[in-house]
Colleague: 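Attaching a single structure in structure tokens format; questions to follow.
All values below come from the heavy atoms of this structure, side chains included, with hydrogens, waters and symmetry mates left out.
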Amino acid sequence: MGKPLRVLIVEDSEDDALLLIFELRRGDYSPVARRVESVEAMQQALSEESWDVVISDYVLPGFSGLEALKLVRRSGLDLPFIVVSGKIGEDTAVQAMKEGANDYLIKGNISRLVPAIEREMQEAEVRRKRREAEAALVRSERRYKKLVAAVTDYIYTVSIEQGKVVKTTHGPGCLSVTGYSNEEYTENPFLWYQMILEEDRPGVVRLTAEVQAGEDIPSLEHRIRHKDGSIRWVRNTIVPRYSEQGELIAYDGLISDITDRKRAEESLRLQSAALEAAANAIAITDNQGLVIWVNPAFTQMTGYTPQESLHRDLSFLKSDLHDPAFYLELRSTINAGEVWHGEMVNRRKDGTLYPEEQTITPVTDEAGIIKYFVCIKQDITERKKAELALLENASLVKELEIAKQIQLSLLPAAPPPLPGIDCAGRCVSATHIGGDYYDIFLTRDEVGMVIADVSGHSVGAALIMVETRSVLRAQLQTLHRPPQVLAALNDLLHDDLTRAELFITMSYLCYHAKTRRLHYTNAGHPPPLLYRPSRERFQELDAEGLIIGVKKGVTFEERGVEVEPGDLLFLYTDGITETDGPRGELFGTRRLQTVLAREHRKPAGELIDAVLAALRAFSGGSSFRDDISMLVLKFL
């Protein structure tokens, strides 16, 4: 059972929404999704239900990804917002990120979807905890201020007649705190208020007004400017004095210099925040090696909570894989006041072993006596795996190269002889193995053509491609109409595709040479292009049909078109149109059509070379991120 995830999908294409849900299931999630495609529907979804993440297309009919993003942000919900679009360029993506989107992905290349969601949900959780921590800090500071008793550094008195200040006197200690002597305060009764920083002055004035109004007032912490120009923090505690008639005649103030405390609080706050937020595990022990503090990363790495770790020697993490001499050398080094750095294998609370890189630093007092040890630990499991993977890589690459040659051998070595047709095909793999497949074969008096794309570039995709080829060729013995072939493939492959969490897009076409009639059907694949040079027009050969592997019992539409002499038929996979340039823009269908129209007079094989050359020039590289397959037929 996968992890629960509530997903609001802003998308006008049901197929694209299904692809996102499939990708989430592949990432070990059990998504509960709701698809919306209008402002009203999205507002209703946000108000009626709670969501973990929003995934949005960028361009929708009558709606846009930016509008959806603004709706989420105006709602006040701190939800990760990820743009998944097939038509977004780098400039548009940057604008979306500026507006508050957390990430963007290109349709057809959503392998980063699950990592992006996990990252953004973790960051949202961090933001939530930060808000809670800040609120807790505010509450803690308020309690602290009420509990800390006033410590008098010096006393001052303000004399009042008829509601006006007539005199101020400051006791011993005022010179060290403020830099001014009592005589200077006597000469200028308003000197104290002039010393208060302008930003803090309204609070002090308000405090004085409350005293004169007879209200019970708390102590006030504020800043003053010392005579030497430095800024000092003071706590000002006022005690009113009344005449027998109840008239305020003076108030005494208790002034405490709290500058050092304020600086220490700020320093401790910063240090604590840094240690708490550190990605590496940190443990602080006393000079006997007993734990006195650990950070959250320590608990995450070892499984031991702070309560379980405190007052214990760190030897409770020992794996017993190191001999006593190893620990003796470590202890000797740090007791000599030197830093120890090295690797060791430790044991988590659940009993599992893990490698860690550790640095232990002694902390001494003013006399040079060791008081504490600071241990910084990093789990290097992934690094060790990477090192092992490098050792195995050479053998793996060799095996993959053999698999690639076997897979390519399943594609037509050369097209069958077709009277009146110039035909060529090509498959360029992005990695050693892939999921593209094309084929062409003769069935009675017809020419059958197929091009397909299995999702992903894994070994599983390659195996499904081989299975698809076998099942397809077997069905051609009894079935001939394109919709029948795709329906049979869908039902036969559905269970295997579901278990493998893969799907297939496919176009299947039949050409009858005598009638020059072309029949075709489609299962979510990029529509083949029919170019008519006589009219200088392209026609997309698309038909209704769901992606293979989504559900059983799907009906596929069949359409037809008459082929004229000179026409060009181009079958391809989306690796062509989704090749991206240096600035992130996609090659797209329009550029593909431009190349085909310009080069259509060339033989089929040279036309394929021209398309590949255009793709490499556009991307600026010699390799591609996705598999690229093409099948070209020129009707003479």
Side-chain angles (χ1 to χ4, degrees), residues 133-272:
E134 290 172 350
L137 179 61
V138 170
R139 292 192 299 270
S140 176
E141 288 179 341
R142 288 174 180 171
R143 290 194 299 269
Y144 178 80
K145 290 179 180 179
K146 292 180 180 179
L147 293 174
V148 176
V151 178
T152 303
D153 285 345
Y154 77 90
I155 300 175
Y156 72 92
T157 299
V158 177
S159 301
I160 299 176
E161 292 182 3
Q162 298 179 352
K164 295 183 178 180
V165 176
V166 294
K167 181 182 178 182
T168 60
T169 58
H170 289 251
C174 67
L175 185 64
S176 62
V177 175
T178 69
Y180 294 97
S181 65
N182 180 50
E183 289 74 20
E184 290 174 290
Y185 284 111
T186 302
E187 293 174 3
N188 182 3
F190 303 102
L191 176 59
W192 173 251
Y193 290 97
Q194 293 169 358
M195 292 168 52
I196 299 170
L197 256 63
E198 186 175 352
E199 298 92 328
D200 296 352
R201 197 170 295 160
V204 178
V205 171
R206 183 169 57 252
L207 192 70
T208 304
E210 291 172 354
V211 171
Q212 294 178 341
E215 297 180 15
D216 186 16
I217 57 172
S219 298
L220 177 68
E221 294 182 356
H222 61 86
R223 293 164 296 174
I224 63 172
R225 190 176 298 278
H226 193 275
K227 189 175 183 178
D228 63 9
S230 62
I231 304 299
R232 303 287 181 92
W233 275 94
V234 298
R235 183 174 61 248
N236 190 351
T237 304
I238 297 177
V239 180
R241 195 191 313 167
Y242 299 95
S243 66
E244 294 181 356
Q245 293 76 28
E247 178 184 1
L248 181 68
I249 58 176
Y251 56 84
D252 300 311
L254 307 177
I255 296 295
S256 300
D257 187 339
I258 58 172
T259 304
D260 291 341
R261 195 201 81 198
K262 282 288 187 180
R263 290 173 179 168
E265 287 176 355
E266 181 65 20
S267 177
L268 286 173
R269 194 155 36 238
L270 289 173
Q271 293 175 22
S272 177

Colleague: Hey, what do you get for OG1 (Thr237) to OH (Tyr251), rounding to the nearest 0.5 Å?
Modeller: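 OH of Tyr251 is found 13.0 Å from OG1 of Thr237.
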Colleague: Heavy atoms only: give me the nearest Asp257-Trp233 pair and the separation to one decimal.
Modeller: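 Asp257 and Trp233 have their closest heavy atoms at OD1-O, 3.3 Å.
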Colleague: What are the two closest heavy atoms between Leu175 and Ser181, and how far apart are they?
Modeller: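 Distance-wise, the nearest heavy atoms are CD1-N, 3.8 Å.
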Colleague: Any side-chain heavy atom of Ile255 sitting closer than 4.5 Å to one from Asn236?
Modeller: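 When only atoms from C-beta onward are counted, Asn236 and Ile255 do touch, with a gap below 4.5 Å.
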Colleague: Kindly indicate whether the side chain of Val234, heavy atoms from C-beta on, has any atom under 4.5 Å from the side chain of Glu221.
Modeller: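 Val234 vs Glu221: side chains apart.
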Colleague: If we only count heavy atoms from C-beta on, is the Arg223 to Lys262 side-chain gap below 4.5 Å?
Modeller: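 No; the side chains remain at least 4.5 Å from each other.
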Colleague: Looking at every heavy atom in both His226 and Val177, which two are closest together, and how far apart are they?
Modeller: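 Shortest heavy-atom contact: CD2-O, 3.2 Å.
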Colleague: Short question: side chain of Arg232, backbone of Thr178 - any donor-acceptor pair under 3.5 Å?
Modeller: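 Side chain of Arg232 to backbone of Thr178: no pair is present.
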Colleague: Among residues at least two apart in sequence or on other chains, which ones pass salt bridge (Lys or Arg N to Asp or Glu O under 4.0 Å) with Glu184?
Modeller: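 Per chain and number, Glu184 pairs via salt bridge (Lys or Arg N to Asp or Glu O under 4.0 Å) with Lys227.
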Colleague: Going by the ring-ring contact (aromatic ring centres under 6.0 Å, His included) test, which pairs reach into residues 155-178, not counting sequence neighbours?
Modeller: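 Every ring-ring contact (aromatic ring centres under 6.0 Å, His included) pair that includes a residue of residues 155-178, provided the two are not neighbours, is Tyr154-His170, Tyr156-His170, Tyr156-Trp192, His170-Tyr185, His170-Trp192.
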Colleague: Minimum heavy-atom separation for Ala250 and Ser159, please, with both atom names.
Modeller: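 It is CB-CA, 4.1 Å.
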Colleague: Give a yes or no on whether Glu198 atom CD has more than 12 heavy-atom contacts from other residues, nucleotides or ligands under 6.0 Å away.
Modeller: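 Counting other residues, nucleotides and ligands, CD of Glu198 stays at 12 neighbours or fewer.
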Colleague: Measuring from atom CD of Glu183 to atom OG1 of Thr169, what distance do you get when rounded to the nearest 0.5 angstrom?
Modeller: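 Rounded to the nearest 0.5 Å, the CD-OG1 separation comes out at 11.0 Å.
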Colleague: Minimum heavy-atom separation for Arg225 to Ile231, with atom names?
Modeller: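 Scanning both residues completely, I find the closest heavy atoms to be NH1-CD1, 3.5 Å.
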Colleague: Apply side-chain contact (heavy atoms from CB on, under 4.5 Å) to the pair Arg201 and Val204, showing each step before the final yes or no.
Modeller: CA-CA 5 Å; Arg201 197 170 295 160; Val204 178; 5.6 Å; no
Colleague: Could you measure the distance from the CD1 atom of Ile224 to the OG atom of Ser230? Nearest 0.5 Å is fine.
Modeller: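 That separation rounds to 8.5 Å.
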Colleague: Less than 4.5 Å apart, any side-chain heavy atom of Arg241 and any of Asp252?
Modeller: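 Arg241 reaches Asp252 side chain to side chain.
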